[in-house]
Amino acid sequence: MIAKIGRSSNLFGTLSYNNSKMEQDKGEILMTNKMIETADGKYSVAQLARSFEPYLVANRNTEKHTLHISLNPDPKDEVSDEQYRDIAEQYMNEMGYGDQPFIVFKHTDIDRSHIHIVSVCVDEEGKKISDQFEKIRSMKVCRELEKKFGLISAVEKQSQQNQKIFRPIDYKSGDIKSQIASVIRHIPSYYQFQSLGEYNALLSLFNITVEKVEGELQGQLKRGLLYFPLDDQGKKAGNPFKSSLFGKNAGIDALQKHFTACKNKSNDQLVKQNLKRSITEAHHSSKDEQTFKKKLKKEGIDTVFRKNENGRIYGITFIDHRSRTVLNGSRLGKEFSANNFNDYWNNNIRPEIEIPDQMQTKKSQPTNENQPAEEFDRHLDFLNDSEQYSDIFIETLGILIPGSPNNNYEEEHFTDMIRKRKKRRRGQ
């Protein structure tokens with residue numbers, strides 16, 4: 001079982017996220033603890049929020065006061081509602097939140113059920129409940145719960161999953177965030193690319209795309225990245241994820257450093273020569289786009305075309321898995337640009353691409369001295385294996401997606417009420 005602990009300053013957003021699952025008939029409330037009960041057992045977001053109001057009024061200086069926890073058994077585990085209640089209660093007690101008001105939601109929006117727990121991490125006096133060594137304590141509690149309820153060990157499952165990185169994501173499986181994370185956290189360690197376009201071409205192999213966003217906040221220009229899952233046709237298949245959810249290495253600043261480091265690689269010319277030879281040989285022996293791609297694929301080279309609505313090729317990128325290098329066609333030379341390939345396949349104008357005599361016939365080998373070739377190949381099973389990637393983590397903080405319509409009258413009223421009561425409390 002995996003526990004995911006999240007904190008935010010948006011209580012209404014967290015409650016709204018879980019309430020939306022119930023409105024879609026994909027969720028229900030399993031239990032409440034120290035919550036104000038209703039006569040019919042039904043709750044609105046505003047009613048649920050009232051139980052946490054005294055704690056937020058008393059809150060002294062804890063900015064991220066809202067606690068959002070998900071507990072995720074293995075898909076093969078069969079957990080009854082009663083067991084979920086016991087698991088939630090024991091987990092909260094062991095983590096120091098047993099005396100807090102909390103509500104347990106059961107979600108069935110993906111191929112396995114799991115529970116979400118919403119609470120606040122400040123006590124009745126407004127003091128923050130200690131989160132020291134929280135992750136270590138949480139892992140210990142999860143291992144105890146696995147033994148007590150006969151659940152599959154997440155530790156053993158994780159050791160198996162570590163052998164399955166670099167799999168194309170499956171947006172239907174429901175664990176999109178963790179699937180994306182397993183790719184983008186490792187990609188820069190294996191591949192060389194010098195632009196966002198080349199990075200995107202590489203990500204497309206894993207059914208992921210990234211977009212750069214810019215805007216002004218409090219007079220300062222802010223920029224960032226949004227990652228999107230793609231379906232089998234290369235179309236966006238879900239909400240975006242901010243790069244900050246995956247750590248600093250997935251952000252724009254880290255990528256810019258990676259671009260610069262790759263530009264300073266000393267073996268760039270050799271890689272280009274070998275790649276040009278492979279492309280040229282495949283081009284001379286191919287009558288159409290699909291044959292061309294298949295020939296390069298056999299040599300460990302993926303080709304990513306970018307086309308407009310009319311089918312015109314306006315971009316082409318080559319991903320050489322032998323040297324772990326991503327190169328736009330224009331970086332290889334004018335004769336390898338998208339226009340040349342478009343003229344050939346769409347306008348029947350055969351471009352002249354000759355094989356220079358000085359090109360070396362020796363195929364390039366993996367260039368990362370610290371990464372043995374056999375280990376690298378093991379991580380690239382997706383090239384020859386269509387088995388779908390799976391993982392044991394789950395996206396739980398959908399409320400963090402930009403543009404979520406969490407603001408409404410009830411939330412504004414609740415927030416204003418908290419502010420007024422805090423002012424009265426300070427004046428006493």
Side-chain angles (χ1 to χ4, degrees), residues 2-20 33-35 45-46 48-72 88 91-92 94-105 115-139 141 177-178 181 217-218 222 224 239 241-248 250-251 393-408 410-423 425-426:
I2 292 294
K4 176 78 175 182
I5 304 174
R7 286 182 170 79
S8 76
S9 58
N10 190 350
L11 174 64
F12 249 82
T14 305
L15 291 172
S16 296
Y17 168 73
N18 287 279
N19 187 64
S20 68
N33 184 70
K34 297 184 70 174
M35 300 283 291
V45 173
L48 292 172
R50 290 192 192 103
S51 297
F52 301 107
E53 182 184 328
Y55 296 79
L56 299 185
V57 171
N59 180 27
R60 299 180 180 180
N61 53 13
T62 302
E63 181 180 351
K64 294 185 177 182
H65 46 65
T66 298
L67 193 66
H68 191 189
I69 300 169
S70 72
L71 299 179
N72 309 277
Y91 182 88
M92 294 298 278
E94 294 287 341
M95 295 299 292
Y97 299 105
D99 291 330
Q100 294 290 99
F102 63 82
I103 183 168
V104 180
F105 298 88
I115 57 175
H116 285 234
I117 308 172
V118 178
S119 186
V120 287
C121 50
V122 291
D123 61 20
E124 291 178 298
E125 297 180 356
K127 296 180 180 179
K128 180 182 177 180
I129 297 173
S130 175
D131 59 357
Q132 193 172 20
F133 307 113
E134 185 176 69
K135 290 185 178 180
I136 296 175
R137 290 189 289 119
S138 177
M139 290 175 64
V141 175
K177 179 187 172 186
S178 60
L217 181 63
Q218 296 179 348
K222 299 291 184 179
N239 291 321
F241 295 86
K242 293 190 290 186
S243 61
S244 58
L245 296 175
F246 305 109
K248 292 183 179 179
F393 297 105
I394 179 169
E395 158 59 22
T396 61
L397 297 179
I399 57 167
L400 297 178
I401 299 302
S404 295
N406 292 330
N407 296 324
N408 55 42
E410 285 186 334
E411 178 180 356
E412 292 173 0
H413 175 71
F414 180 79
T415 304
D416 289 340
M417 186 167 54
I418 293 296
R419 288 199 192 101
K420 291 177 182 178
R421 294 195 178 185
K422 273 195 171 185
K423 288 181 181 178
R425 180 171 169 267
R426 288 170 184 161

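Numbers here are sequence positions counted from 1.
Side-chain contact between Gln100 and Asp123 is present, with heavy atoms from C-beta onward closer than 4.5 Å. Between Phe102 and Lys34, the closest side-chain pair of non-hydrogen atoms is not below 4.5 Å. For the pair Asn18/His68, a side-chain contact is recorded, criterion being any heavy-atom separation below 4.5 Å from C-beta on. Under the 4.5 Å side-chain criterion, counting only non-hydrogen atoms from C-beta, Ile117 is not in contact with Tyr97. Contact of the Met95 side chain with the Ile69 side chain is not registered, since no non-hydrogen atoms from C-beta on lie closer than 4.5 Å. Looking at heavy atoms from C-beta onward, Thr66 lies out of side-chain contact with Arg7 at the 4.5 angstrom threshold.
Of the inter-residue distances, the one linking Ser243 atom OG with Lys248 atom NZ reads 12.0 Å to the nearest 0.5 angstrom. From Phe52, atom CZ reaches atom CG of Leu67 across 9.5 Å, with rounding to the nearest 0.5 Å. Glu134 CD to Ile129 CD1: the interatomic distance, rounded to the nearest 0.5 Å, is 10.5 Å. For the atom pair CG (Leu11) and CG (Leu56), the distance works out to 6.0 Å, reported to the nearest 0.5 Å. A distance of 7.5 Å separates NZ of Lys64 from OG of Ser9, quoted to the nearest 0.5 Å. Interatomic distance, Met139 CE to Ile2 CD1, rounded to the nearest 0.5 Å: 7.5 Å.
For the pair Ser70 (side chain) and Ile115 (backbone), a donor-acceptor distance under 3.5 Å is absent.
Judged as a salt bridge (charged side-chain N to carboxylate O under 4.0 Å, His left out), and not counting sequence neighbours, the contacts of Lys128 are Asp131. For Phe246, the ring pair (Phe, Tyr, Trp, His ring centres under 6.0 Å) partners at least two apart in sequence or on another chain are Tyr227. Listed by chain and residue number, Glu23 satisfy the side chain to side chain donor-acceptor pair (under 3.5 Å) test with Asn19 (two or more places apart in sequence, or in another chain).
Considering every non-hydrogen atom in both Ser119 and Pro101, the closest pair reads OG-O, 2.7 Å. When all heavy atoms of Tyr55 and Asp99 are compared, the closest pair comes out as OH-O, 4.3 Å. Between Phe12 and Ala46, the shortest heavy-atom distance links the atoms CZ-CA, 4.0 Å. The minimum heavy-atom distance between Leu71 and Ala88, with the atom names listed, is CD1-CA, 4.4 Å.
Among Leu15, Leu48, Val104, the single residue meeting the side chain to side chain contact (heavy atoms under 4.5 Å, CB included) criterion with Val118 is Leu15.
Between Tyr17 and His116, the ring planes lie tilted relative to each other; the angle falls in the 30° to 60° range.
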